[in-house]
Amino acid sequence: MTTSRSNQLYPQDQYNQKLEANVHPRQWINPTPDGRYNLVVIGAGTAGLVTAAGAAGLGAKVALIERNLMGGDCLNVGCVPSKAVISAARVAANIKHARHFGIDVHEGLNVDFAAVMERMRKLRAKISYNDSAERFRDLGIDVYFGQASFVDSTSVEVEGTKLQFKRAVIATGARAAAPRIPGLDSVGYLTNETVFSLTELPRRLGIIGAGPIGCEMAQSFAQLGSEVLLVESEHGILPREDRDAAEIVQKAISHDGVHLRCCGKKLKIKNEQGIRLTVESHGKNYDEPIDQLLVAVGRAPNVESLNLEAVDVEYDNKGVKVNDKMQTTNSRIYAAGDICSRYQFTHAADFMARIVIQNSLFMGRKKLSVLTIPWSTYTSPEIAHVGLYEDEAKDRGVEVDTYIQHFSDVDRAILEGDDDGFVKVHTKIGSDEIVGATIVARNAGDMISEITLAMTHHLGLSKIGNTIHPYPTQAEAIRKLGDQYSRTRLTPMVKTAFNKWLAWRR
């Protein structure tokens, strides 16, 4: 399903008009090239924007090309709008659960979905200036709108204008691409690129795919009042995550009213005076009428019309191929972000762009493989992860010790009613070197950064244990893991020696 700019900017209210004026002005006139560019960046999502701004800030002559909306998925149809909806849904959930804190909301709960979405559009428009054509022009960057197409290894064409370059960067990202599901083409369906254009709350919402997007939207729409049916072909939800962590989130979203149909087989979509979804789950057949269908699985790289064959840049259905220095198979052309990485996160694209700047402009040797990349799924509770999972460590021949701190033993979590989660850390066996961690907590995405910092700068778990944390906080759970590690150092031999020493000192 191809998504047009007008679909992403529906409805055309004052906030979407402001967004469009910032990230794809209707009256924009492309500049006239004046000599060769140090860097031509194709794509103005996170990777492209960071690359262009960083290079220009260091004195490079930079051109930035975008065919659709500057800001890419993150601003327009990803992180920004989704977190605005999630924040509203969390408020609704808090009100529903207020009685557990001794608070009686007499008036009940009335969700104005149109107002929720208007708030999202207002905040998105406010944030959009950071990614605007005007701002990047003011940074000294030549901003072009239109489809880019490589002419050869030294030039690219956009809207009939040829730009000469020393180096080029492909940062065109990826888009939603629905899998082949019988009957899907017979109905209108939503993806992450169109769901944020809704102005009415679907009474019954079907979602295909229980990955991060599917779970976040399933829980949020259920909290806002939709009856949600979530279909996943594998067992449970979030199949790539730690199973203990995923089960806690699954319990939470079920509590919020999401109906899960996992191990889904024989999935079909029908158009019978409306959308019907049929699926077999755990030996039982379901035939469900729904008002809207969100397909939250499948991505395709944006490589069409770039004429990559002309410059010998290899690609496949997963994206452009790069080496560890972010070079494509053409050494003059680099890539960054979702177009070339399995880590399809805004923050990952940011740091890939930094590698590209150093390597493309200054003959640097920075490597993608040295990055320690965390990620988070913003359900309630959140799941955040960094490094290796236990099964990954086993596959790589890395033996680990595992330390777990449950929030049921953390005072702040108990007092806030958030005691279902945990912090789990894997260290190399017999040492405090952290190789991976998973956190399940209300603010797990914020908390994982402490562990990411430790891994990046080779600070062991014992160092965290020796760092004073304020009491009471949920982050104290991480420090408690340091204490757990320190207690393993108290071997029987050491304990016997301590006993003898202390007895002698009495």
Engineer: Using a 4.5 Å cut-off on heavy atoms from C-beta on, say whether the side chain of E216 contacts that of K83.
Structural biologist: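 Yes, their side chains come closer than 4.5 Å.
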Engineer: For residues H406 and I404, determine if any side-chain heavy atom of one lies less than 4.5 Å from a side-chain heavy atom of the other.
Structural biologist: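 The answer is yes; the side chains approach within 4.5 Å.
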Engineer: Does a side chain donor of either E66 or Y144 reach within less than 3.5 Å of an acceptor in the other side chain?
Structural biologist: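 Short answer, no.
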Engineer: Do any side-chain atoms of residues 345-367 form donor-acceptor pairs under 3.5 angstrom with protein atoms, and if so which ones, sequence neighbours left out?
Structural biologist:
| unit_1 | atom_1 | unit_2 | atom_2 | d |
| --- | --- | --- | --- | --- |
| H347 | NE2 | P374 | O | 2.6 |
| D350 | OD1 | R354 | NE | 2.6 |
| D350 | OD1 | R354 | NH2 | 3.1 |
| Q358 | NE2 | R354 | O | 3.3 |
| N359 | OD1 | R365 | N | 3.2 |
| N359 | OD1 | K366 | N | 2.9 |
| N359 | ND2 | K325 | O | 3.1 |
| N359 | ND2 | K366 | O | 2.8 |
| S360 | OG | V356 | O | 2.6 |

Engineer: Verify, without hydrogens or angle tests, whether D131 (side chain) and M70 (backbone) share a donor-acceptor contact under 3.5 angstrom.
Structural biologist: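 Side chain of D131 to backbone of M70, a donor-acceptor pair under 3.5 Å: no, none is there.
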Engineer: Is there a donor-acceptor contact under 3.5 Å from the side chain of T328 to the main chain of I333?
Structural biologist: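 Flag set: sc T328 to bb I333 pair under 3.5 Å.
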Engineer: Please give me the minimum heavy-atom distance between I86 and Y378, naming the atom from each residue.
Structural biologist: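 Shortest heavy-atom separation between I86 and Y378 comes out as CD1-O, 3.6 Å.
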Engineer: Kindly compute the distance separating OG1 (T154) from CZ (R167), expressed to the nearest 0.5 Å.
Structural biologist: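 Reported to 0.5 Å precision, the distance equals 11.5 Å.
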Engineer: Check whether any side-chain heavy atom of F422 lies under 4.5 Å from a side-chain heavy atom of I248, and answer yes or no.
Structural biologist: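 Yes - at least one pair of side-chain heavy atoms lies under 4.5 Å apart.
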Engineer: With a 4.5 Å cut-off on side-chain heavy atoms, are D409 and I414 touching?
Structural biologist: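 Contact flag for I414/D409 side chains = no.
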Engineer: Run the salt-bridge test on E304 and R175 with the 4.0 Å N-O cut-off and return the result as yes or no.
Structural biologist: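 Salt bridge: yes.
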Engineer: If I compare all heavy atoms of L230 with all of A210, which pair ends up nearest, and what's the gap?
Structural biologist: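 Residues L230 and A210, closest heavy atoms: CD2-CB, 3.9 Å.
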Engineer: Would you call R487 and D483 a salt bridge, taking side-chain N to carboxylate O under 4.0 Å as the test?
Structural biologist: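 Answer for the salt bridge query: no.
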Engineer: With a 4.5 Å cut-off on side-chain heavy atoms, are P301 and V320 touching?
Structural biologist: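 They are not in side-chain contact.
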Engineer: For H457, give me all partners under side chain to side chain contact (heavy atoms under 4.5 Å, CB included), at least two apart in sequence or on another chain.
Structural biologist: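 Here the qualifying residues are L453, L459.
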Engineer: Verify the distance criterion only: is there a donor paired with an acceptor across the side chains of Q405 and E476 at less than 3.5 Å?
Structural biologist: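 Short answer, no.
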Engineer: Stepwise, does the side chain to side chain donor-acceptor pair (under 3.5 Å) test hold for S128 with N22?
Structural biologist: CA-CA 6 Å; S128 69; N22 280 333; 2.9 Å; yes
Engineer: Less than 3.5 Å apart, any donor N or O on the side chain of S462 or D432 sitting next to an acceptor on the other?
Structural biologist: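 There is such a pair between these side chains.
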Engineer: As a quick check of understanding, evaluate side chain to side chain donor-acceptor pair (under 3.5 Å) for Y37 and D142, giving each step before the final call.
Structural biologist: CA-CA 10 Å; Y37 292 99; D142 285 351; 2.6 Å; yes
Engineer: Would you say NE2 of H235 has more than 12 non-hydrogen atoms from neighbouring residues, nucleotides or ligands within 6.0 angstrom?
Structural biologist: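 No, because the 6.0 Å sphere around NE2 of H235 holds 12 heavy atoms or fewer from other groups.
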Engineer: Go through the steps for Y315 and K321 under the test side-chain contact (heavy atoms from CB on, under 4.5 Å), then give the verdict.
Structural biologist: CA-CA 5 Å; Y315 65 93; K321 297 181 180 180; 5.8 Å; no
Engineer: Looking just at side-chain N and O atoms, do S153 and N330 make a donor-acceptor pair shorter than 3.5 Å?
Structural biologist: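 There is such a pair between these side chains.
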Engineer: Between R124 (side chain) and A84 (backbone), is there a donor-acceptor pair under 3.5 Å?
Structural biologist: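 No; zero donor-acceptor contacts below 3.5 Å.
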Engineer: Start with the C-alpha gap between Q327 and V322, add the side-chain angles, then the distance that decides, and say whether side-chain contact (heavy atoms from CB on, under 4.5 Å) holds.
Structural biologist: CA-CA 5 Å; Q327 283 177 305; V322 294; over 6 Å; no
Engineer: Taking the basic N atoms (NZ, or NE/NH1/NH2) and the acidic carboxylate oxygens, is any pair closer than 4.0 Å for R243 and E390?
Structural biologist: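 Salt bridge between R243 and E390, a charged N being under 4.0 Å from a carboxylate O: no.
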Engineer: Checking R90 against S380: is there a side-chain donor and acceptor pair closer than 3.5 Å?
Structural biologist: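 R90 and S380 do have a side-chain donor-acceptor pair below 3.5 Å.
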Engineer: When you check the side-chain N and O atoms of R119 and S87, is any donor under 3.5 Å from an acceptor?
Structural biologist: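 Indeed, the side chains of R119 and S87 share at least one donor-acceptor pair under 3.5 Å.
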Engineer: Strictly distance-based, threshold 3.5 Å: is any side-chain N or O of Q147 a donor or acceptor partner for the main-chain N or O of R67?
Structural biologist: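 No: the side chain of Q147 does not pair with the backbone of R67.
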Engineer: Verify whether one side chain among Y471 and D411 offers a donor that lies under 3.5 Å from an acceptor in the other.
Structural biologist: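 There is such a pair (donor and acceptor under 3.5 Å, judged by atom type) between the side chains of Y471 and D411.
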Engineer: Atom CD of residue position E416 - does it have more than 12 heavy atoms of other residues, nucleotides or ligands inside 6.0 Å?
Structural biologist: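 It does: E416 CD has more than 12 such atoms within range.
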Engineer: I42 and side chain to side chain contact (heavy atoms under 4.5 Å, CB included): which single residue from L64, N302, V169, V156 fits?
Structural biologist: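 Among the candidates, only V156 passes.
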Engineer: Can you confirm whether the side chains of R412 and Q474 place a donor and an acceptor under 3.5 Å from each other?
Structural biologist: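 Note: R412 and Q474 side chains miss the donor-acceptor criterion.
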Engineer: What are the two closest non-hydrogen atoms of M447 and I478, and how far apart are they?
Structural biologist: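 Shortest heavy-atom separation between M447 and I478 comes out as O-CD1, 3.6 Å.
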Engineer: Has the side chain of S341 got a donor or acceptor atom that lies under 3.5 Å from a matching backbone atom of G337?
Structural biologist: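 Between the backbone of G337 and the side chain of S341 there is no qualifying donor-acceptor contact (under 3.5 Å).
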Engineer: Kindly give the heavy-atom pair with the smallest separation between L224 and A92, and that separation in Å.
Structural biologist: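 For L224 versus A92, the nearest heavy atoms are CD2-CB, 4.5 Å.
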Engineer: Apply side chain to side chain donor-acceptor pair (under 3.5 Å) to the pair N76 and Q8, showing each step before the final yes or no.
Structural biologist: CA-CA 8 Å; N76 299 292; Q8 292 181 7; 5.5 Å; no
Engineer: Mind listing the closest non-hydrogen atom pair of F221 and V195 along with its distance?
Structural biologist: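 That would be CZ-CG2, 4.1 Å.
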Engineer: Taking atom types as modelled and ignoring hydrogens, do the side chains of H469 and E450 form a donor-acceptor contact shorter than 3.5 angstrom?
Structural biologist: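 E450 and H469 do have a side-chain donor-acceptor pair below 3.5 Å.
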Engineer: Any chance you could measure M326, atom CE, to D324, atom CG, to the nearest 0.5 Å?
Structural biologist: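 Those atoms lie 9.0 Å apart.
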Engineer: On a heavy-atom basis, which atom in R442 and which in D418 lie closest, and how many Å separate them?
Structural biologist: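 That closest heavy-atom pairing would be NE-OD2, 2.8 Å.
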Engineer: Assess whether side-chain contact (heavy atoms from CB on, under 4.5 Å) is satisfied between D138 and E134, documenting all intermediate values.
Structural biologist: CA-CA 6 Å; D138 291 345; E134 178 185 350; 3.9 Å; yes
Engineer: Using a distance-only test with no angle check, is there a side-chain donor-acceptor pair under 3.5 angstrom linking Y15 and E20?
Structural biologist: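 No donor-acceptor contact under 3.5 Å links the two side chains.
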Engineer: Thinking salt bridges, do E241 and K424 make one under a 4.0 Å N-O criterion?
Structural biologist: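 Salt bridge flag = no for K424 with E241.
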Engineer: Does the distance from a Lys or Arg side-chain N to an Asp or Glu carboxylate O, for R299 and D73, drop under 4.0 Å?
Structural biologist: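 The answer is yes: the pair qualifies as a salt bridge.
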Engineer: Can you see whether Y343 engages D338 through a side-chain donor-acceptor pair at a distance of less than 3.5 angstrom?
Structural biologist: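 Per modelled atom types, Y343 and D338 side chains form no pair under 3.5 Å.
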Engineer: After noting the C-alpha distance and the side-chain angles of L481 and L461, does the key distance pass the side-chain contact (heavy atoms from CB on, under 4.5 Å) rule?
Structural biologist: CA-CA 7 Å; L481 291 178; L461 189 55; 4.1 Å; yes
